[in-house]
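I have placed the structure first, in the form of structure tokens, so that the comments after it can refer back to it.
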Amino acid sequence: MGDITVMADSANAALGASLGDAAAVPHDWLALGRQSVGPLVIMLAQDRAEFTRWSRGRLPSWSGGATFPGSHLIIIRKDAGDPFGTLRHELAHVVLHQQVGERVPLWFDEGYAVLAAGEYDRFASLRLNLAVSLGHLPADLRALDGELRGDATDAEAAYALAGSAVAELARRNPTGTLLPLFGLLKGGVSFDDAVTRTTGLDPDRFDGAWRQSVRRRYNVLTWAATGGAWLLVTFVLIWAAAARKRRDAPRRAALDTGWTVPPDDEAPVAIQDVPPPQLDHPDQSR
């Protein structure tokens with residue numbers, strides 16, 4: 001596989017080889033162009049315990065993958081969803097750090113990977129709409145960093161929020177892209193200065209503009225419009241059916257009492273043996 005080395009046990013050798021082949025192919029990355037990622041080591045962990053051991057407990061146990069750019073290492077959990085989807089996300093981290101180093105905040109690092117891996121889809125929007133509608137919007141982008149390493153429930157919305165923040169950086173530039181930002185970062189400009197020069201807003205003002213944009217774009221109305229209402233109706237119907245089944249259980253049990261099942265050798269009643277119903281007299285008025 002060229003510069004890609006895969007470590008997997010014999011039971012997962014075929015999956016490991018496929019992951020290695022996918023990583024070895026150069027890909028076009030958002031605002032960074034066509035890039036190769038080697039040299040790189042990919043370790044395929046069987047489960048959460050193995051992942052935690054290999055990552056030395058430095059990441060939340062719910063994580064499906066981990067990237068250590070300085071060590072040119074990616075760890076992927078086999079039991080945490082689609083391993084190829086996880087690989088795309090982790091490779092985006094690798095490419096980002098190859099191009100701009102480690103001078104970006106965590107929310108940008110994760111937000112870029114979310115966008116570049118194509119994870120910012122309709123369901124991410126639904127999670128965002130619901131989270132913002134319920135008031136789960138971090139105080140600022142620094143607080144978002146903490147939520148990205150929180151529990152699984154908070155992190156799900158946090159990753160979508162990080163993607164929205166990176167997308168907002170692109171929208172705030174006249175080009176509508178991240179190209180000018182990356183051009184400055186590659187040239188050694190600090191992240192905060194690059195944000196100011198490409199958006200016209202210092203980091204604090206961008207923070208406020210991003211929060212305002214999130215509130216405007218994602219709320220209970222857009223949540224309902226993008227399909228959340230149907231999900232809610234489905235959940236309510238399932239809950240109602242289950243509740244009714246529990247409520248009717250004693251009555252069904254009572255109705256079952258006293259019923260007997262005829263033995264198998266008892267002859268069934270033939271249709272012709274059943275007498276016809278009595279009809280009204282023909283002269284009876286109607």
CG (L161) and CG (L137) are apart, to the nearest 0.5 Å, by 6.0 Å
The reported gap from OG1 in T67 to CG in L87 (rounded to nearest 0.5 angstrom) is 9.0 Å
* Asked: Between the side chains of S190 and D192, does any donor sit under 3.5 Å from an acceptor?
  -> no
So OG1 of T86 and CD1 of I74: to nearest 0.5 Å the spacing works out to 10.5 Å
Separation between OG (S61) and CZ (R77), nearest 0.5 Å, reads 7.5 Å
Closest heavy-atom pair, T177 versus P180, reported as atoms and distance to 0.1 Å, is OG1-CD, 3.6 Å
Exercise. For residues W54 and L44, determine if any side-chain heavy atom of one lies less than 4.5 Å from a side-chain heavy atom of the other.
Key: no
Heavy-atom closest pair (G65 atom, E90 atom, distance to 0.1 Å) is C-OE2, 3.4 Å
For P174 and T198 the tightest heavy-atom approach is CD-O, 4.3 Å
Tightest non-hydrogen contact, residues S36 and Q98, listed as O-OE1, 3.2 Å
Tightest non-hydrogen contact, residues P105 and D145, listed as CB-OD2, 4.5 Å
* Decide yes or no for D151 and P60: does some side-chain heavy atom of the first lie under 4.5 Å from some side-chain heavy atom of the second? => no
All heavy atoms of L181 vs all of A194, minimum pair found to be CD1-CB, 3.5 Å
Partner of Y112 under ring pair (Phe, Tyr, Trp, His ring centres under 6.0 Å), picked from Y159, W29, F191, F182, is F182
Value for CG (L148) from CD (E156), rounded to nearest 0.5 Å, stands at 12.5 Å
### Query
How about Q99 and Q35: does a side-chain donor come under 3.5 Å of a side-chain acceptor?
yes
Can you tell if the side chain of L179 reaches within under 4.5 Å of the side chain of N173, non-hydrogen atoms only? no
**Asked** Is L73 close to M7 at the side-chain level, that is, under 4.5 Å between some pair of heavy atoms?
**Response** no
The reported gap from CZ in F206 to CG in L169 (rounded to nearest 0.5 angstrom) is 3.5 Å
Mind checking whether H89 and H93 have parallel, tilted or perpendicular rings, split at 30° and 60°? perpendicular
Does S213 reach the side chain of R171, with side-chain heavy atoms less than 4.5 Å apart?
yes
- request: Decide if atom CD of Q46 counts as having more than 12 heavy atoms of other residues, nucleotides or ligands within a radius under 6.0 Å.
  value: yes
